[in-house]
Amino acid sequence: MLLRITLPDSSIKEYSAPVTPLKVAEDISPRLADAAIAAEVNGKLVDLNHEITEDSNLVLHTFTTETGKEIYWHSTSHLMAQAVKQLYPKVKVTIGPAIEQGFYYDFDRDEPFTEEELLKIEARMKELTAQNLPYTRKELSKQEAIDMFAAQNEDYKIELIQAIPDGDIISTYQQGDFIDLCRGPHLPHTGKIKAFKLLKTSGAYWRGDEKNKMLKRIYGISFPSNKELTAYLDMLEEAKKRDHRKLGKDLDLFSMDDEVGPGLVLWHPNGAMIRHLIEEYWKDMHLRHGYKFVYSPHVGRSNLWHTSGHLGFYNENMYAPMDIDGQEYYIKPMNCPFHIAIYKSAMHSYRELPMRLAELGTVYRYERSGVLHGLMRVRGFTQDDAHIICTAEQLPTEVENILTFSMDMLRHFGFENFQIYLSTKPEHPVGEDKDWEIATETLRKSLEKLGIDYAVDEGGGAFYGPKIDIKIKDALNRAWQCTTIQFDFNLPTRFNMEYIGADNQAHRPYMVHRAVLGSMERFFGTLLEYHAGNLPLWLCPVQVMVIPITDAQIEYAKELTTKLLAQGIRAESDMRSEKIGYKIREAELKKIPFMLIIGKNEVENDKVTLRRHTVGDLGSMELADAITKIKEEH
RNA sequence: GCCGAUGUAGCUCAAUGGUAGAGCAAUUGAUUUGUAAUCAAUAGGUUGGGGGUUCGACUCCCUUCAUCGGCUCCA
């Protein structure tokens with residue numbers, strides 16, 4: 001029987017049935033067959049030795065595709081589990097998926113895995129790859145699967161199998177003496193895994209639930225060549241250099257102090273200057289987009305938090321109350337109740353809506369000690385918060401405006417790659433289904449109208465409303481949520497918010513929480529990492545360092561500095577009696593964008609020599625030309 | 001909070017049970033320099049805190065705090 005197979009390049013070839021993707025790959029080229037990892041037949045992922053028995057579309061995956069990587073890493077995780085089982089037979093295996101970068105496997109074992117043990121496991125893995133053990137698939141019934149893993153005493157696997165709906169195909173993959181429950185597909189054999197490294201260990205709860213037992217997790221990464229592995233490890237090293245915590249120290253931007261307390265940020269003059277510039281831009285943009293600024297206190301009486309409901313659903317993130325004149329006050333974890341109180345201080349007509357109340361509001365939240373992370377997750381932080389109160393008709397325009405406004409602002413800071421999520425109704429929502437539908441559709445339509453790529457996080461919304469989040473990645477590719485646009489069906493009701501409509505009746509407004517940057521702290525952290533500390537000129541605390549070569553040019557340097565300052569350029573001069581090379585080195589290390597080098601020649605000819613950070617000497621020129629060049633970068 | 005690692009001078013790091021060191025930074029002096037580190041001197045420490053073992057602890061043990069990597073949650 002003849003089959004027609006459509007190949008990735010859309011050409012069609014005929015084969016006699018059955019044929020495997022591997023044979024097709026070999027037919028195309030030996031190199032492709034060597035690189036191939038798995039195949040997609042009519043849209044379904046299969047092993048390379050899967051038998052094709054009907055006319056099919058075939059896509060071959062190599063390590064270069066996302067799917068290829070996932071399969072490669074997943075096979076490596078099975079390999080690691082095999083090595084662990086051989087070395088430590090009493091350890092129970094649980095789950096071991098591929099993740100965004102690499103893979104992990106969780107084991108039930110009391111002792112932690114030490115670094116020496118990781119090396120031992122790696123060595124065993126190496127031996128197993130040399131044996132070219134094929135990964136073989138076997139399908140079996142639920143009971144057969146349970147019996148098999150019961151015989152091996154792998155209770156976690158049994159728990160997993162029991163959760164699989166009856167009638168679903170249950171498959172296992174076996175390489176050598178190791179068998180694992182797995183949907184597949186997998187590499188043809190272990191010899192395909194050429195280069196790997198076990199990176200770190202950690203604890204992880206069974207099924208991510210802290211009520212469950214804590215397992216021991218091993219993370220690793222693998223590649224089809226040593227070259228790629230080395231490149232990856234180098235990349236990790238490189239990423240460390242742009243860690244915002246390191247940059248914060250090197251550039252003297254911020255610190256945290258044991259005595260002050262964990263998760264509480266001290267902004268040094270340089271960092272504070274950058275923050276000031278961010279805030280200045282932020283305020284300007286908000287005024288241009290019809291926001292009104294408000295200020296609110298840092299504490300509020302317990303009644304407020306009872307009304308808002310925070311004492312119920314947000315209690316574990318709030319700090320203990322303080323007693324003032326026999327009344328309980330709480331430090332604020334959110335700004336919303338205050339903004340609502342401002343709204344409620346008067347009656348409002350539909351003519352006043354939409355009302356956009358904005359504040360750089362500092363909040364304090366209890367975060368568990370283990371989760372604090374530099375500036376990215378702290379206990380005291382300033383949100384660039386705003387609440388938009390509007391009618392149903394105004395919703396689409398408001399949401400679109402927030403989206404374009406947010407992305408414009410993020411782009412102004414140099415960000416270009418965002419991950420955008422639409423999170424929909426969770427399991428126990430408050431509010432009317434109708435409102436959820438309107439709000440979710442509004443969000444979805446806005447995204448689509450603006451042609452924004454997004455992913456849907458089904459059921460990932462807050463209990464009080466659906467939301468859109470924009471995440472930005474840090475140096476290590478970890479995504480951090482910055483922008484968030486959240487509907488709220490809870491607080492307007494709890495606070496009984498109203499406006500008087502054209503019909504002279506009271507109506508409940510819609511309320512949207514939104515933060516563009518998220519928090520000053522987190523945004524600052526991602527900004528630093530994104531630019532590796534080389535901030536855009538408009539954000540640099542010192543834009544120009546004037547460097548006299550000898551003491552003889554000090555007067556001229558002072559003059560130049562004054563002239564630059566008068567032009568609105570942030571300039572300083574380095575008048576220490578150090579050699580020019582030293583002063584340049586220091587300015588370069590501080591990542592100051594421009595240097596004006598002043599020597600005897602410059603003074604005599606009334607010129608300056610300009611140097612650009614990371615670029616080098618730009619030559620001698622009139623001060624006016626230098627200023628033009630500097631301003632061009634703005 | 002849980003699992004693990006780490007904590008020595010302002011910073012980066014030495015010192016594996018026997019007198020806590022180096023480089024940079026700081027201070028003082030000399031030097032007046034042409035595009036990424038001039039030289040010298042001085043000062044700087046309850047080795048995160050507390051407790052224990054020991055003749056003797058940075059080193060070993062307990063405890064506590066903090067940081068780092070994860071788990072969970074979120075700006």
Side-chain angles (χ1 to χ4, degrees), chain A residues 104 106 109-115 199-219 240 243 245-246 249-250 252 255-263 314 316-317 333-335 361 363 365-378 380-385 462 469-472 476 478 480-484 486 513-523 525-526 547-554 576-589 595 597-602 609-614 616-620:
Chain A
Y104 68 78
D106 285 345
R109 181 197 201 217
D110 290 334
E111 315 79 53
F113 288 100
T114 63
E115 279 187 36
L199 296 167
K200 58 195 175 193
T201 60
S202 84
Y205 298 102
W206 167 235
R207 302 201 137 179
D209 187 337
E210 62 183 313
K211 289 188 195 82
N212 290 338
K213 182 164 185 187
M214 179 155 272
L215 308 167
K216 301 290 186 291
R217 176 174 296 181
I218 302 176
Y219 287 91
K240 274 190 201 159
D243 187 310
R245 292 164 298 195
K246 177 169 164 48
K249 203 178 265 181
D250 291 350
D252 194 17
S255 64
M256 316 247 199
D257 185 279
D258 252 25
E259 279 194 69
V260 175
Y314 207 69
E316 60 181 29
N317 281 291
M334 307 235 178
N335 302 300
V363 296
R365 298 181 185 174
Y366 172 71
E367 295 288 353
R368 304 160 103 190
S369 58
V371 306
L372 299 175
H373 180 95
L375 291 181
M376 302 302 207
R377 184 166 300 111
V378 291
F381 57 99
T382 301
Q383 292 181 302
D384 67 315
D385 210 356
D469 292 325
I470 303 182
K471 296 187 181 185
I472 302 178
L476 281 173
R478 292 176 292 207
W480 296 94
Q481 181 183 314
C482 288
T483 304
T484 185
Q486 309 186 349
H513 310 259
R514 49 109 282 188
V516 176
L517 310 179
S519 76
M520 300 311 294
E521 287 74 9
R522 179 177 291 179
F523 185 72
T526 48
I547 303 177
I549 294 177
T550 75
D551 290 356
Q553 292 87 40
I554 283 186
R576 295 173 300 176
S577 65
E578 294 289 350
K579 291 176 90 168
I580 173 82
Y582 180 82
K583 293 188 194 179
I584 286 175
R585 178 181 155 82
E586 289 231 319
E588 288 283 347
L589 290 175
M595 284 149 265
I597 316 293
I598 312 300
K600 201 168 130 209
N601 298 334
E602 284 76 10
T609 296
L610 192 62
R611 182 188 165 96
R612 181 71 177 87
H613 167 56
T614 69
D617 194 352
L618 301 180
S620 169

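All chains are named by letter (A, B, ...) in the order of the sequence lines, taking the proteins before the strands, and each is independently numbered beginning at 1.
When the P atom is used for both C24(B) and U38(B), the distance is 11 Å, rounded to whole Å. Atom name C1', nucleotides G18(B) and C60(B): the rounded distance is 15 Å, in whole Å. For the C1' atoms, the distance from A15(B) to G49(B) is 23 Å, rounded to whole Å. Comparing G4(B) with U19(B), their P atoms sit 34 Å apart, to the nearest whole Å. With both ends at atom P, the span from U32(B) to U67(B) equals 49 Å, rounded to whole Å. Rounded to whole Å, the C1' atom of G7(B) lies 9 Å from the corresponding atom of U47(B). Comparing the C1' positions of U59(B) and G23(B) gives an interatomic distance of 24 Å, to the nearest angstrom. Separating the P atom of U31(B) from that of C39(B) is a span of 16 Å, rounded to the nearest Å.
Atom CZ in Arg365(A) sits roughly 11 Å away from atom C1' in C73(B) (whole-Å rounding). The CG-P distance, from Asp252(A) to A25(B), rounds to 16 Å in whole Å. Between His373(A) atom NE2 and A66(B) atom C1' the separation is 16 Å, expressed in whole Å. Look at OH on Tyr219(A): it is 15 Å from P on G4(B), rounded to the nearest Å. Atom CZ in Phe523(A) sits roughly 13 Å away from atom C1' in A75(B) (whole-Å rounding). Atoms CH2 (Trp206(A)) and C1' (G70(B)) sit 18 Å apart, rounded to a whole Å. Rounded to whole angstrom, the span from the CE atom of Met376(A) across to the P atom of C73(B) amounts to 20 Å. In this structure, Asp110(A) places its CG atom 14 Å from C1' of G4(B), rounding to the nearest Å.
Out of C3(B), A37(B), C68(B), the shortest distance to the side chain of Ser202(A) is found at C3(B). Set against C71(B), U72(B), A75(B), the side chain of Tyr205(A) has C71(B) as its closest nucleotide. Of the candidate nucleotides C11(B), G1(B), A36(B), A36(B) has the atom lying nearest to any side-chain atom of Leu589(A). Proximity note for Glu602(A) (side chain, C-beta onward) versus G34(B), C71(B), G69(B): the nearest is G34(B). Nearest nucleotide to the Ile584(A) side chain, out of G1(B), A36(B), A66(B): A36(B). Closest approach to the Ser577(A) side chain among C68(B), A75(B), U32(B) is made by U32(B) (side chain taken as heavy atoms from C-beta onward). With U35(B), G70(B), A75(B) as the choices, the nucleotide that has an atom nearest any side-chain atom of Arg377(A) turns out to be A75(B). Side-chain proximity of Lys249(A) to U33(B), U72(B), U12(B): nearest is U12(B). For Asn601(A), the side-chain atoms get nearest to G34(B) when compared with the rest of U72(B), G34(B), A75(B). Out of U33(B), A36(B), G1(B), the shortest distance to the side chain of Ile580(A) is found at U33(B).
Between Gln481(A) and the phosphate of A75(B), there is a side-chain N or O to OP1/OP2 separation shorter than 4.0 Å. For the pair Arg585(A) and C24(B), the criterion of a side-chain N or O lying under 4.0 Å from OP1 or OP2 is not met. In terms of phosphate contacts, Thr201(A) brings no side-chain nitrogen or oxygen within less than 4.0 Å of OP1 or OP2 of G4(B). Here Gln553(A) does not reach the OP1 or OP2 of U33(B): none of its side-chain N or O atoms lies under 4.0 Å away. When the side-chain nitrogen and oxygen atoms of Tyr582(A) are compared with OP1 and OP2 of U32(B), none of them lie within a distance under 4.0 Å. At least one side-chain nitrogen or oxygen of Tyr366(A) sits closer than 4.0 Å to the OP1 or OP2 atom of G1(B).
With a cut-off of 3.5 Å on both Watson-Crick or G-U wobble distances, the partner of C73(B) is given as none. Shown here, A66(B) forms a base pair with U6(B); the pair counts as Watson-Crick or G-U wobble because both key distances fall under 3.5 Å. Within the shown strands, C11(B) is the pairing partner of G23(B) under the Watson-Crick or G-U definition, both distances less than 3.5 Å. Nucleotide C39(B) forms a Watson-Crick or G-U wobble pair with G29(B), both donor-acceptor distances falling under 3.5 Å. Across every strand in view, U46(B) sits unpaired, with no contact that passes the Watson-Crick or G-U test at under 3.5 angstrom. Across all strands shown, G17(B) remains unpaired; no Watson-Crick or G-U wobble contact has both distances below 3.5 Å.
With a 4.5 Å cut-off on side-chain heavy atoms, Ile584(A) and Glu578(A) do not count as touching.
Looking at Arg522(A), its side chain does come within 3.5 Å of a backbone N or O of Gln481(A) through a donor-acceptor pair. Side-chain N or O atoms of Ser519(A) include none that pairs as donor or acceptor with a backbone N or O of Gln383(A) at under 3.5 Å. Counting only distance, with no hydrogens or angles, the side chain of Lys583(A) and the backbone of Pro548(A) share a donor-acceptor pair below 3.5 Å.
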Do Asp243(A) and Arg245(A) pass the salt bridge (charged side-chain N to carboxylate O under 4.0 Å, His left out) test, and can you show the C-alpha distance, the side-chain angles, and the key distance before you say yes or no?
CA-CA 5 Å; Asp243(A) 187 310; Arg245(A) 292 164 298 195; 2.5 Å; yes

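Using a 4.0 Å heavy-atom cutoff across all strands shown, Glu521(A) reaches no nucleic acid atom at all. Counting non-hydrogen atoms under 4.0 angstrom, Thr609(A) reaches a base of the nucleic acid. Contacts of Gly599(A) with the nucleic acid, taken as non-hydrogen atoms under 4.0 Å apart, include base atoms. Gly208(A) comes within 4.0 angstrom of sugar-phosphate atoms only, judged by non-hydrogen atoms across all strands, and of no base. Here Val363(A) lies out of heavy-atom contact (under 4.0 Å) with every strand. When heavy atoms are screened at a 4.0 angstrom cut-off, Lys579(A) is found touching base atoms of the nucleic acid. Within 4.0 Å of Arg217(A), counting heavy atoms only, lie sugar-phosphate atoms of the nucleic acid but no base atom.
Of the residues near RNA chain B, Leu372(A) and Asp551(A), the one whose nearest nucleotide (by heavy atom distance) lies more toward the 5' end is Asp551(A). Projected onto RNA chain B by closest heavy-atom contact, Asp250(A) and Arg368(A) fall at different nucleotides, the more 5' of which corresponds to Arg368(A).
Residues satisfying the side-chain contact (heavy atoms from CB on, under 4.5 Å) test with Glu115(A), not counting sequence neighbours, are none. Partners of Phe381(A) according to the ring-ring contact (aromatic ring centres under 6.0 Å, His included) rule, which considers only residues two or more places apart in sequence or in another chain, do not exist here.
Between the CD1 atom of Ile547(A) and the CD1 atom of Ile598(A) there is a distance of 9.0 Å, given to the nearest 0.5 Å. A distance of 7.5 Å separates CD in Glu316(A) from CZ in Arg368(A), rounded to the nearest 0.5 Å. Atom-to-atom distance recorded for Asp617(A):CG and Leu610(A):CG is 8.5 Å, nearest 0.5 angstrom.
Put simply, Phe381(A) rests on the base of A75(B): the two rings are less than 5.5 Å apart at their centres and nearly parallel, under 30°.
Remark: the Glu367(A) side chain and the G1(B) base include no donor-acceptor N/O pair separated by less than 3.5 Å.
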